[in-house]
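Below you'll find the structure, written out as structure tokens, and then a few comments.
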Amino acid sequence: MQQKKWILGNWKMNGRLAQNADVLSGLLKQPIASENVFVGIAVPSVYIGAAAAQVSGSRCVIGAQDVSRFAADGAYTGEINAAMLQDAGVQFVLIGHSERRQYFGENNAILTEKWQNSLNADLVPVLCVGETLVEREAGLAESVVAEQLSILDGRELSHVVAAYEPVWAIGTGKVANHEQIGAMHAFIHERILSLCGNNVKIRTLYGGSVNESNAADILTVPHVDGALVGGASLKADSFAAIIQAAAKIEAQN
Ligand code: PGA
């Protein structure tokens with residue numbers, strides 16, 4: 001996973017076998033083969049096997065949207081551990097997406113376990129952080145994000161992948177402006193350096209209503225190392241256009 005910009009899709013709880021196969025085959029027909037862009041899609045867990053088989057040999061990898069807090073196999077009905085995800089062909093896992101925090105009560109204690117389990121199974125954890133509108137308006141955006149990043153405290157990590165997704169920008173069509181994105185990405189960068197030491201390689205993706213019209217603009221903001229794309233990753237053409245926007249920016253660098 002050496003490439004520069006990362007464009008990750010998050011299908012959330014959408015899709016069916018046939019529809020997923022259509023999206024992936026549409027995507028694989030497009031020119032996504034840029035050296036400089038790492039492409040992945042986090043699919044619903046029940047579809048991981050089919051999706052991983054379909055993208056095998058391409059430049060697109062498959063991720064999971066969640067992982068169990070329990071590492072070992074055993075009596076945890078309904079759970080899927082990191083080793084199973086790895087076995088099924090997953091390469092990265094979203095950790096602490098705001099929808100998991102909101103609807104499933106995921107807190108830092110749980111997310112610390114999920115983060116560590118993913119690393120132990122050689123999966124790349126993508127730590128999702130972001131404030132709500134109420135928190136932003138109360139001037140708490142940075143302190144909320146700092147608290148979410150605190151699960152990294154004191155860890156000797158060589159790489160950290162984070163995704164800044166302001167909750168008020170997810171699925172709403174509202175995108176944070178350049179200043180808001182730039183300031184928060186710079187803050188996240190500094191914060192991770194102070195938590196993990198100066199040798200850590202940091203990649204921070206922006207997420208929240210990224211689409212083919214705004215991607216090029218967002219991806220040029222300093223410290224924006226890619227995008228986490230929800231709705232627009234469900235359409236092959238839109239997702240491919242975002243990947244191409246990233247490739248074009250990298251080609252100019
Ligand atoms: P969105 O979702 O692109 O539909 O806003 C992003 C996300 O939640 O990861």
Side-chain angles (χ1 to χ4, degrees), residues 5-15 19-20 23 27 32 37-45 47-48 51 60-67 90-106 111 114-115 118 123-133 135-136 141 144-145 148-149 160-178 180-181 184-185 188 203-219 221 224-246:
K5 297 270 191 243
W6 283 28
I7 305 295
L8 301 184
N10 173 12
W11 282 357
K12 309 192 179 184
M13 195 167 74
N14 291 293
Q19 187 187 339
N20 301 345
V23 174
L27 184 64
I32 58 164
V37 184
F38 178 76
V39 178
I41 303 181
V43 306
S45 51
Y47 297 128
I48 285 168
C60 178
V61 304
I62 295 302
Q65 299 171 15
D66 185 30
V67 59
V90 161
Q91 296 198 23
F92 70 93
V93 190
L94 304 183
I95 303 286
H97 188 281
S98 63
E99 289 147 18
R100 303 276 335 154
R101 295 177 191 265
Q102 183 181 354
Y103 302 125
F104 303 95
E106 294 198 353
L111 297 175
K114 293 187 172 197
W115 175 274
S118 305
L123 302 175
V124 176
V126 178
L127 179 61
C128 302
V129 298
E131 79 289 353
T132 63
L133 190 56
E135 289 162 342
R136 175 162 283 272
V144 166
V145 168
Q148 293 167 336
L149 290 172
V160 169
V161 185
Y164 171 53
E165 300 199 295
V167 178
W168 47 274
I170 295 176
T172 57
K174 282 188 202 148
V175 180
N177 65 35
H178 268 206
Q180 291 167 325
I181 297 174
M184 188 59 89
H185 277 243
I188 289 170
R203 198 177 292 282
T204 309
L205 318 181
Y206 174 79
S209 299
V210 175
N211 60 36
E212 66 268 47
S213 322
N214 60 26
D217 196 38
I218 293 169
L219 290 167
V221 177
V224 173
D225 306 308
L228 179 54
V229 183
S233 70
L234 293 164
K235 288 170 262 151
D237 290 350
S238 306
F239 195 50
I242 295 168
I243 296 163
Q244 278 147 30

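Counting convention: from 1, in listed order, for ligands and their atoms alike. No experiment lies behind these values; they were computed from the predicted model shown.
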Taking Val221's backbone N and O only, do any of them form a donor-acceptor pair with Tyr206's side chain (distance below 3.5 Å, no angle check)? no

Going by heavy atoms, is Gly208 under 4.0 Å from ligand 1? yes

Atoms of ligand 1, numbered as shown, that sit under 4.0 Å from any heavy atom of Ser209: 1 (P), 3 (O), 5 (O)

Decide whether the shortest distance between a heavy atom of Gly171 and an atom of ligand 1 is less than 4.0 Å. yes

Would you say the side-chain atoms of Glu165 pair up with the backbone N or O of Gly130, donor to acceptor, closer than 3.5 Å? no

Close N or O approach (Lys12, ligand 1; < 3.5 Å): yes

My understanding is that only residues two or more places apart in sequence, or in another chain, count here; which of them pass ring-ring contact (aromatic ring centres under 6.0 Å, His included) with Tyr164? His185

Should the pair Lys235-Glu212 be classified as a salt bridge under the 4.0 Å nitrogen-to-oxygen rule? no

Is the closest side-chain donor-acceptor distance between Asp217 and His178 under 3.5 Å? yes

One residue to check: Asn10. Relative to ligand 1, which of side chain, backbone, both or neither has a non-hydrogen atom less than 4.0 Å away? side chain

Per-atom contacts of ligand 1 with His97, taking only distances under 4.0 Å to non-hydrogen atoms: 7 (C), 8 (O), 9 (O)

What atoms in ligand 1 come closer than 4.0 Å to a heavy atom of Leu228? 9 (O)

Report yes if Gly231 has an N/O atom closer than 3.5 Å to an N/O atom of ligand 1; otherwise report no. yes

Would one find an N or O of Gly230, backbone or side chain, under 3.5 Å from an N or O of ligand 1? yes

Using modelled atom types only, decide if a donor and an acceptor are shared between the side chain of Trp6 and the backbone of Asp225 within a distance under 3.5 Å. no

Using a 3.5 Å distance criterion without hydrogens, assess whether the side chain of Lys5 forms a donor-acceptor pair with backbone atoms of Val224. yes

Heavy atoms only: which of Gln65, Glu165, Glu99 is nearest to atom 6 (C) of ligand 1? Glu165

